[in-house]
Amino acid sequence: DRAPGADAAGIHDAGNEQASIPPSRSPATTPQWAVVPQRPMPAASTRARRLEWAALDAARPEPGVVIDWATLGSSLNNFTFSGTNTYHVTGETFLSGTTTLEGGTVVKFAPYSSTLTALNISGPVVCLTSPYRPAVFTADADNSIGEPIVGGSPNTGIEYAWTALRIEPGAGAVLLEHLRIRHAFQGLYLQGITPGITVRHSQFLRCRYPIVSKDTTPVRLKNVLFDSVPNPGVVLYGLDTPFHGEHLTVHNAPHLVVAGTLNLTNSLVVAVNGSLNYSGPGNFQAASAAGLFQSVGAGNQIGRASCRERV
């Protein structure tokens with residue numbers, strides 16, 4: 001099957017071909033027998049080769065766009081905050097239907113001024129979060145988590161979200177868990193009558209009004225941290241609202257509760273300047289945090305046997 005003058009690897013040897021031309025023919029004329037025609041590929045081999053080419057085409061990198069973060073629109077229905085995405089809020093966003101918060105999602109807010117930055121939820125809320133995969137609501141200048149949007153770091157002299165989460169009538173009974181809300185004017189705003197609301201395993205950092213309730217329905221708080229509330233600010237602001245807290249840590253705040261009642265169990269109230277108008281058993285109160293907090297991993301552990309709270 002090999003052409004005349006071809007070596008064992010199938011490479012044509014021009015030198016050997018020249019030596020084999022009969023003397024009666026001109027060397028400038030290539031003999032017909034020296035031209036090796038391409039044999040047609042059998043049908044089965046052709047199909048195999050086409051499949052191979054198709055596989056190579058599929059594996060070839062194509063031009064694309066990498067979406068680092070998405071700006072939320074003004075109105076969304078049945079929206080899911082994906083656990084792999086970062087979202088930017090630059091105005092008021094109204095969420096109807098069922099709103100789902102997946103663990104790992106990061107929502108960043110532009111500083112509010114004449115334009116209010118807020119998430120307004122008028123339907124059920126589902127938290128698909130967990131201890132090591134919380135939903136985070138923070139400043140758009142917070143580059144410690146999620147995709148970077150604005151360079152630098154948050155300005156501690158301003159607030160970013162006007163309201164990180166506003167729960168409107170129609171949401172029904174609400175369970176919010178494993179949330180991290182930072183740098184907001186109002187962290188959680190409970191608007192209108194609801195059958196009941198529970199917030200647990202969550203943190204509020206540098207929020208001027210971490211929780212505001214405009215209802216007389218009880219608000220239940222379990223294993224919640226409030227830290228570094230700007231002045232003037234109030235940890236729990238109500239409207240004759242009964243607040244019930246278990247395993248709370250409140251640190252560095254101007255006021256604890258206004259226009260409501262607070263019953264605490266096994267909680268820590270540290271460095272709160274205003275009146276401490278709460279009741280309940282097993283609580284610890286201190287004017288300073290000196291000697292109370294010990295760093296453990298990614299958080300702090302309260303070093304007190306009767307009141308231990310991971311922050």
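E168 and S122 share no donor-acceptor pair across their side chains, judged by distance under 3.5 Å alone. Checked by atom type, the side-chain pair T217/D215 shows a donor-acceptor distance below 3.5 Å. Side chains of N273 and H255: no donor on one and acceptor on the other come within 3.5 Å.
Under a 4.5 Å side-chain heavy-atom criterion applied to ILVMFWY residues, the cluster that includes I145 comprises V106, V136 as well. Cluster partners of Y237, using a side-chain heavy-atom cutoff of under 4.5 Å among ILVMFWY residues and allowing indirect links, are Y112, L116, W162, F185, Y189, Y209, V212, V234, V258. In this structure, V126 belongs to a hydrophobic cluster whose other members, linked by side-chain heavy atoms under 4.5 Å apart, are L128.
In this structure, the separation between CG on L95 and OG1 on T80 is 10.5 Å, given to the nearest 0.5 Å. Here the straight-line distance linking atom CD1 of I121 with atom OG1 of T99 works out to 4.5 Å at 0.5 Å rounding.
For the pair P154 and Y160, the tightest heavy-atom approach, listed with the atom from each and the gap, is CA-OH, 3.5 Å. V224 approaches V199 most closely through the heavy-atom pair CG2-O, 3.5 Å. In terms of heavy-atom proximity, N223 sits nearest to L248 at N-CD1, 4.4 Å. The minimum heavy-atom distance linking L276 with Q285 is given by the pair CD1-NE2, 2.7 Å. Nearest heavy atom pair, residue V229 against residue R208, reads CG1-O, 3.4 Å. What you find for A253 and V235 is that their closest heavy atoms are CB-CG2, 3.7 Å.
Residues forming a side chain to side chain donor-acceptor pair (under 3.5 Å) with H251 (at least two apart in sequence, or on another chain): D227. Applying the side chain to side chain donor-acceptor pair (under 3.5 Å) criterion to T129, with sequence neighbours excluded, gives no partner residue. In this structure, the ring-ring contact (aromatic ring centres under 6.0 Å, His included) partners of H178, at least two apart in sequence or on a different chain, are H201.
When the shell of 6.0 Å around CZ of R220 is examined, it contains 12 or fewer heavy atoms from other residues, nucleotides or ligands.
Considering only heavy atoms from C-beta on, L221 comes within 4.5 Å of I211 through its side chain. At a threshold of 4.5 Å between non-hydrogen side-chain atoms, the residues E102 and F81 do not count as touching. The closest side-chain heavy-atom distance from L205 to S228 is below 4.5 Å.
Between F226 and F204, the angle of the ring planes stays under 30°, which puts this pair in the parallel group of the 30/60° scheme.
Taking a cutoff of 4.0 Å between a charged side-chain nitrogen and a carboxylate oxygen, D142 and R182 qualify as a salt bridge.
Checking side-chain atoms of S288 against main-chain N and O of A290 turns up a donor-acceptor pair under 3.5 Å.
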For the pair D140 and H88, evaluate side chain to side chain donor-acceptor pair (under 3.5 Å) and give the outcome as yes or no after the intermediate values. CA-CA 7 Å; D140 61 3; H88 193 206; 3.1 Å; yes
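Between S96 and the options N77, N120, N78, a side chain to side chain donor-acceptor pair (under 3.5 Å) holds for only N77.
Cluster annotation: L175 is not connected to I181 through the hydrophobic network of ILVMFWY side chains, with a link wherever side-chain heavy atoms come within less than 4.5 Å. In the hydrophobic cluster analysis, where Ile, Leu, Val, Met, Phe, Trp and Tyr join through side-chain heavy atoms closer than 4.5 angstrom, F109 is grouped apart from F94.
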